[in-house]
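Shown next, in structure tokens, is the structure this report addresses.
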Amino acid sequence: MQDFEDVGYQNTFRHTSAHILAHAVKRLFPETKLAIGPAIENGFYYDFDREEPFTNEDLAEIESEMRKIIKEKLDIERFELSRPDAIKLMTELEEPYKVELINDLPEAEVISFYRQGDFVDLCAGPHLDNTREVKAFKLTQTAGAYWRGSEKNRMLHRIYGTSFPDKEMLKNYLAMLEEARKRDHNKLGRELGYFTTVDYIGQGLPIMLPKGARVLQILSRFVEDEEQRRGYQLTKTPLMAKSDLYKISGHWDHYRDGMFIIGDPEKAEETEVLALRPMTCPFQFQAYLTKTRSYRDLPIRYNETSTLFRNEASGEMHGLIRLRQFTISEAHLLVTPEQVEAEFRGCVDLARYMLDTLGLSEDVSYRFSKWDPNDKEKYIGEPAAWDAAQDTMKNILDHMDIEYVTADGEAAFYGPKLDIQIRNVFGKEDTLITIQIDFQLAERFGLEYTDRGGEKKRPTIIHRTSIGCYERTLALLIEKYAGALPLWMMPEQVRILPISERHLDAAANLRAQLTAQGFRVEADTRDEKIGKKIREAQLEKIPYMLVIGDQEVADGTVSVRTRKDGDIGVLPIAQIIQRMQEEIASRKHD
RNA sequence: GCCGAUGUGGCUCAGAGGUAGAGCAAUUCACUCGUAAUGAAUAGGUCGUGGGUUCGAUUCCCACCAUCGGCUCCA
């Protein structure tokens with residue numbers, strides 16, 4: 001058997017699985033039209049066009065048909081056809097999507113097909129030799145998906161599945177998914193009391209409960225302090241502005257669907273039209289514009305813990321990951337062309353420092369997001385400015401030890417981005433941090449500085465975040481640590497557990513003592529058995545549980561349990577304080 | 001926005017066309033307790049919202065809202 005760790009083989013394996021899926025669907029529902037069915041990271045899918053969506057019962061039926069096809073041990077054969085013959089074959093089989101695909105293939109492309117029994121599919125391959133090799137598979141879900149990924153096209157029915165060379169591997173994979181589900185911030189974050197949502201408040205507008213709000217506060221204080229150390233100046237700018245501002249920035253023309261607009265743009269002559277801010281840039285630029293600037297003043301680094309509002313489409317919201325209102329560690333750096341590289345590096349360095357401190361470094365990858373020169377709707381500015389900004393960024397990236405992938409059409413509307421992508425427990429990727437170079441907005445806003453020789457110049461603008469959007473970061477932290485956040489950012493660090501009523505005073509005293517030392521500490525003073533109090537504290541992932549009873553009161557000690565190591569013994573209070581202080585100071589994470 | 005699923009007390013879940021249950025949690029009393037789940041009692045739901053069908057709906061139909069999984073979009 002070949003090595004399943006080999007990505008090439010794995011893709012071949014999953015791709016053949018997709019063909020078996022399509023084969024089964026065609027047997028059971030012959031009127032179904034085939035679209036495409038690739039291997040993906042953890043499995044495969046196939047898109048089908050048919051009137052009725054697939055039900056769970058259909059899936060079970062398809063699975064058993066797939067089992068039959070595998071048992072039939074069908075050989076998989078490749079053959080090639082000329083373009084006219086290929087089109088003829090697919091037309092005969094009434095597969096319009098395949099015909100469309102063939103027509104779009106480049107002139108020189110070899111057009112190949114794969115056959116297994118009575119099933120034929122247009123396919124570049126490669127494939128396994130025989131259907132029997134797919135020993136273990138499972139259809140995991142159905143979903144809608146647009147033909148060729150465009151919302152202008154027809155929505156097809158997609159079936160997702162996964163497959164492995166043996167049953168044990170499938171079982172392990174499904175068990176891993178089950179574990180990931182337990183860490184899902186959207187479930188765990190609610191259970192642990194970090195946040196909630198209310199249907200009459202609306203989508204993408206979470207209530208941050210005391211624990212969640214506390215973590216956001218801890219993180220933002222940490223970020224603001226660190227940025228101050230690195231020469232940033234904090235601003236506090238309005239959450240909304242007149243439409244005039246966004247007309248200058250380009251948001252009005254290029255981002256209006258993404259904004260919450262107050263007032264009626266149709267009656268702009270008579271009434272005020274405002275919009276909640278989707279980004280902070282134009283506001284911080286106004287701070288720059290308050291006086292004339294010299295090259296000696298640059299770089300200027302404005303940071304802000306900035307709440308933004310984006311009118312995301314209704315189906316986009318998800319837990320704390322996609323919101324309509326969120327708060328981001330925002331900054332804009334106004335720099336001379338000579339300073340761009342050093343300042344950009346500084347931004348990357350800060351982002352990496354943040355990721356290290358949070359313990360997320362291993363989960364990220366870097367993406368160089370460029371514009372799409374053909375999409376005039378989405379972007380502002382001339383190709384020359386884009387080329388300059390992209391060349392500058394590429395040059396910097398290539399001189400840093402950063403491995404990155406390039407993505408076309410992922411830029412912001414005003415400039416290219418370095419996106420730091422993070423994978424969550426399910427392997428799903430999102431942008432956590434972004435650093436952008438902008439050669440456009442300085443012109444639009446008339447930002448300038450006087451250069452050494454006395455001439456007026458445009459500063460280059462770096463847009464960046466250091467830790468990303470706080471809510472999203474919290475979501476990833478909850479998943480990363482399964483709710484057991486590192487001590488320094490834990491909303492409740494210590495819980496005191498008096499064994500009986502006669503230890504309540506001692507518990508209150510200890511609580512006061514620890515609070516005075518700066519710990520976030522609570523006491524469980526309910527009339528409950530000690531075992532139950534401990535159990536509940538464990539479920540809440542409280543890092544330190546201090547049990548206090550007769551012996552401890554007499555000796556000035558506490559019985560210490562940690563969520564990680566369990567019972568670590570009876571220690572003098574001073575000693576446990578020192579231990580916790582050291583752990584907090586080191587910002588240790590497991 | 002599109003496709004699909006879901007929505008019963010704080011949580012997990014039963015239930016059925018005739019006006020709702022269980023366990024855990026909560027409250028009270030007893031027990032004053034050394035690593036969750038002692039006993040007794042009490043309270044808590046117009047079954048997501050609004051229409052419609054029906055003698056009657058939470059259960060059937062429609063619309064809307066929210067949540068979840070995808071697509072598209074995006075921090």
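Each chain gets a letter, A, B and so on, in the order its sequence line appears, and its residues count up from 1.
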Near-ring test A:Tyr366/A:Phe368, centroid separation under 6.0 angstrom:
no
Tell me whether the rings of A:Phe164 and A:Tyr173 are parallel (<30°), tilted (30 to 60°) or perpendicular (>60°).
tilted
Using the C1' atom in both, what is the distance from B:G52 to B:U12, to the nearest Å?
34 Å
Does A:Phe326 lie flat on the base of B:A75, that is, centres under 5.5 Å apart and planes under 30° off?
yes
Considering the options A:Thr235, A:Asn303, A:Thr280, which one meets the side-chain contact (heavy atoms from CB on, under 4.5 Å) requirement together with A:His332?
A:Thr280
Distance in angstrom units between A:Leu539 CG and B:U35 C1', rounded:
13 Å
Is a side-chain N or O of A:Arg183 found less than 3.5 angstrom from the main chain of A:Glu479, in a donor-acceptor match?
yes
Of the listed nucleotides B:A75, B:U72, B:C74, the one nearest the side chain of A:Cys469:
B:A75
Base B:U35 to side chain A:Arg561, donor-acceptor N/O within 3.5 Å cut-off
yes
Does the side chain of A:Arg367 come under 3.5 Å of the side chain of A:Thr406 through a donor N or O and an acceptor N or O?
no
Name the nucleic acid region contacted by A:Arg154, choosing base, sugar-phosphate or nothing; use a 4.0 angstrom heavy-atom cut-off, strictly under.
nothing
Would you say the ring centroid of A:His251 lies under 6.0 angstrom from that of A:Phe413?
yes
Check every strand shown and say whether A:Ile433 touches a base, only sugar-phosphate, or nothing at a heavy-atom separation below 4.0 Å.
nothing
Nucleic acid footprint by protein, nucleotides 28-33 of chain B - heavy-atom cut-off 4.0 Å, B for base, S for sugar-phosphate alone:
---BBB
Nucleotide N/O to protein N/O under 3.5 Å, stretch nucleotides 2-6 of chain B:
unit_1, atom_1, unit_2, atom_2, d
B:C2, O4', A:Tyr146, OH, 3.4
B:C3, O2, A:Gly144, N, 3.2

Could you please name the partner base of B:G23, counting Watson-Crick and G-U wobble pairs only when both distances are under 3.5 Å?
B:C11
Quick one: sort the A:Phe29 and A:Phe54 rings into parallel, tilted or perpendicular, breaks at 30° and 60°.
perpendicular
Taking a pair as Watson-Crick or G-U wobble with both distances under 3.5 Å, which nucleotide is matched to B:U6?
B:A66
Do A:Trp252 and A:Met259 have side chains that get closer than 4.5 Å, going by heavy atoms?
yes
Distance in angstrom units between A:Asp430 CG and B:C73 P, rounded:
14 Å
Could you please name the option among B:C65, B:G34, B:A75 that lies closest to any side-chain atom of A:Asp199?
B:C65
Centroid-to-centroid, A:His185 to A:Tyr194, below 6.0 Å?
no
For B:C71, does the base pair up with any side-chain atom of A:Arg158 as donor and acceptor (N or O, under 3.5 Å, distance only)?
no
Among the nucleotides B:U72, B:C74, B:U67, which one has an atom lying closest to any side-chain atom of A:Gln203?
B:U67
When the nearest nucleotide of RNA chain B is assigned to A:Tyr160 and to A:Glu552 on a heavy-atom basis, which residue is associated with the more 5' position?
A:Glu552
Pick the nucleotide of RNA chain B nearest each of A:His318 and A:Lys417; which residue has the one closer to the 5' end?
A:His318
